[in-house]
Amino acid sequence: MTKIEKIVLSYSGGLDTSIILKWLQETYGCEVVTFTADLGQGEELEAVRAKAEMSGVKDIRIVDLRQEFVRDFVFPMLRANALYEGQYLLGSSIARPLIAKHLVGIAQEVGAHAVAHGATGKGNDQLRFELAVNALDPSIKVIAPWRQWNIRSRMQLLEYAEKHRIPVPSDKRGEAPFSIDANLLHTSTEGKSLENPAEVAPDHVYQRTVDPVDAPDTPEIATIGFERGDPVSVNGKTMTPAALLTGLNGLGGRHGVGRLDLVENRFIGMKSRGIYETPGGTILLTAHRGIESITLDRAAAHLKDEIMPRYAELIYNGFWFAPEREMLQALIDQSQAFVSGEVTLRLYKGSASVISRTSPCSLYSADLVTFEESAIAYDHHDAEGFIRLNGLRLRSWAARNRR
Ligand code: ARG
């Protein structure tokens, strides 16, 4: 085995990755480069630099990836209306391949042969990181300390920190905290009392949405503009992808939109319970379906809906950088050529509902559908024949059953 000379670590500056940083330096006796991505998690990232410096890191990378995250990962996923198991908007799942991409990029730049991450051995995130690294650069080794070291309990983790003089914030000293993952798309919370699915989640787990009960009594109206399947404006104001999602998070959060209490099936095999808050994403999904409803052909729309669960599962399971995901993406992207126009929604006490939609590329024909006399040539007798032929096999089937 070749000796590892340099490792790029995905570093949040939190307790776990601070311990991992120390452990890597000790175990491998080599230089560790830290990489911290700003995905809109809302933490002060300059504090991360100070922490890394204190741990003796020379090469500290803190990169603002908010625009790339929303433009190249969240929006392509949104074009598919992707939901895992019918409900989860994949907020953590879609962030991992982006982080992995940059870990690999930095590793290649600095000549590191390994990257490391702080995902545990029980979750989905380890798969997402590692499958992405495999797909992007098979020569790079992945180090997953949580699967390698002898630390088996929270007590041992705190002891290790103590021993190596890694500061433990007071709120991390007692029992294990919630496991939280936040970015511009969502906040996800797992662990502690949430591990009992029979127990109601306490109010304080919610971070970016108000309880719908406490939301304003007056509804708020918002209009989202789409171009070729991607949202580009809110209330007529054109925005960058990251600014648009940030704005909708605020709007949805105030109205209690996008809360989800879910038991899901992890790829690794177990069921887990989590609380998700995806205010902007929920608004965008509803709006996107609204604009598709007038701009997509029926068969195109139904085909998209058929492949959607498969596509969502690929993202959930960590196969973003896999040929089959890219093939499905090509299909989805092609479907979006005419998905342009505006959708107006009403936000009210936890709901985001479409109330109107317009498009220069609309397929909707009032003339065709109207109950009134219509100018368009539509022969009612055609419907009679259409029904007669569709009913042919049903009449044979029913007659046989009666015999
Ligand atoms: N269960 C979610 C997923 O697999 C979230 C995982 C990360 N979240 C967390 N709170 N640690 O996508």
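Nothing fancy with the numbering, it's 1 onward along the sequence. Both counts, for ligands and for their atoms, begin at 1 and track the order of listing.
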Novice: Do Glu313 and Asn317 meet the criterion of a side-chain donor-acceptor pair at a distance under 3.5 Å?
Specialist: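 No, no side-chain donor-acceptor contact under 3.5 Å.
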
Novice: If the contact criterion is a heavy-atom separation under 4.0 Å, does Arg273 count as touching ligand 1?
Specialist: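 Judged by the 4.0 Å heavy-atom criterion, Arg273 does not count as contacting ligand 1.
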
Novice: Classify the contact between His186 and ligand 1 as side chain, backbone, both or neither, using a heavy-atom distance cut-off of under 4.0 Å.
Specialist: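 Answer for His186: neither.
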
Novice: For atom 11 (N) of ligand 1, find the nearest protein heavy atom and state the residue, atom name and distance (0.1 Å precision).
Specialist: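 It is Ser179 OG, 2.7 Å.
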
Novice: For Tyr88, is the nearest heavy atom under 4.0 Å from an atom of ligand 1?
Specialist: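 Tyr88 counts as a contact of ligand 1 under the 4.0 Å cut-off.
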
Novice: Charged N to carboxylate O below 4.0 Å: is that the case for Asp230 and Arg228?
Specialist: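 Salt bridge: no.
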
Novice: List ligand 1 atoms under 4.0 Å from Arg128, heavy atoms only on the residue side.
Specialist: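 Heavy-atom distances to Arg128 below 4.0 Å select 3 (C), 4 (O), 12 (O).
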
Novice: For atom 7 (C) of ligand 1, which protein heavy atom lies nearest, and how many Å away is it?
Specialist: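 Going atom by atom, the protein heavy atom closest to atom 7 (C) of ligand 1 ends up being Asp125 OD2, 3.4 Å.
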
Novice: Check whether more than 12 heavy atoms from other residues, nucleotides or ligands sit under 6.0 Å from atom CZ of Arg395, and answer yes or no.
Specialist: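 Counting other residues, nucleotides and ligands, CZ of Arg395 exceeds 12 neighbours.
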
Novice: Any N or O of Ser188 that comes nearer than 3.5 Å to an N or O of ligand 1?
Specialist: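 There is such a contact, yes.
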
Novice: One pair to check against salt bridge (Lys or Arg N to Asp or Glu O under 4.0 Å): Asp16 and Lys172. What are the steps and the verdict?
Specialist: CA-CA 10 Å; Asp16 288 23; Lys172 300 275 164 75; over 6 Å; no

Novice: Counting non-hydrogen protein atoms only, what is the nearest one to atom 1 (N) of ligand 1? Give residue, atom name and distance.
Specialist: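 Of the protein heavy atoms, Glu190 OE2, 2.6 Å lies nearest.
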
Novice: How far is atom 4 (O) of ligand 1 from its nearest protein heavy atom, and which residue and atom is that?
Specialist: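 Atom 4 (O) of ligand 1 sits closest to the protein heavy atom Asn124 ND2, 2.7 Å.
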
Novice: Please confirm whether the ring centroid of His204 lies under 6.0 Å from the ring centroid of Tyr206.
Specialist: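 No.
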
Novice: Any atom of ligand 1 sitting under 4.0 Å from a heavy atom of Glu264?
Specialist: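 Distance cut 4.0 Å: Glu264 passes for ligand 1.
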
Novice: With a 6.0 Å cut-off (strictly less than), is the heavy-atom count around CG of Asp203, excluding the residue itself, greater than 12?
Specialist: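 At most 12 heavy atoms, drawn from other residues, nucleotides or ligands, come within 6.0 Å of this atom.
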
Novice: Can you confirm whether the side chains of Tyr316 and Glu85 place a donor and an acceptor under 3.5 Å from each other?
Specialist: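 Checked: Tyr316/Glu85 side chains show no N/O donor-acceptor pair below 3.5 Å.
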
Novice: So is Ser272 close enough to ligand 1, meaning a heavy atom under 4.0 angstrom away?
Specialist: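 Per 4.0 Å heavy-atom rule, Ser272 does not contact ligand 1.
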
Novice: Quiz question: by atom type and distance under 3.5 Å, do the side chains of Glu277 and Thr209 form a donor-acceptor pair?
Specialist: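 Per modelled atom types, Glu277 and Thr209 side chains form a pair under 3.5 Å.
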
Novice: In terms of residue, atom name and distance, what is the protein heavy atom nearest to atom 2 (C) of ligand 1?
Specialist: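 The closest one turns out to be Tyr276 OH, 3.1 Å.
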
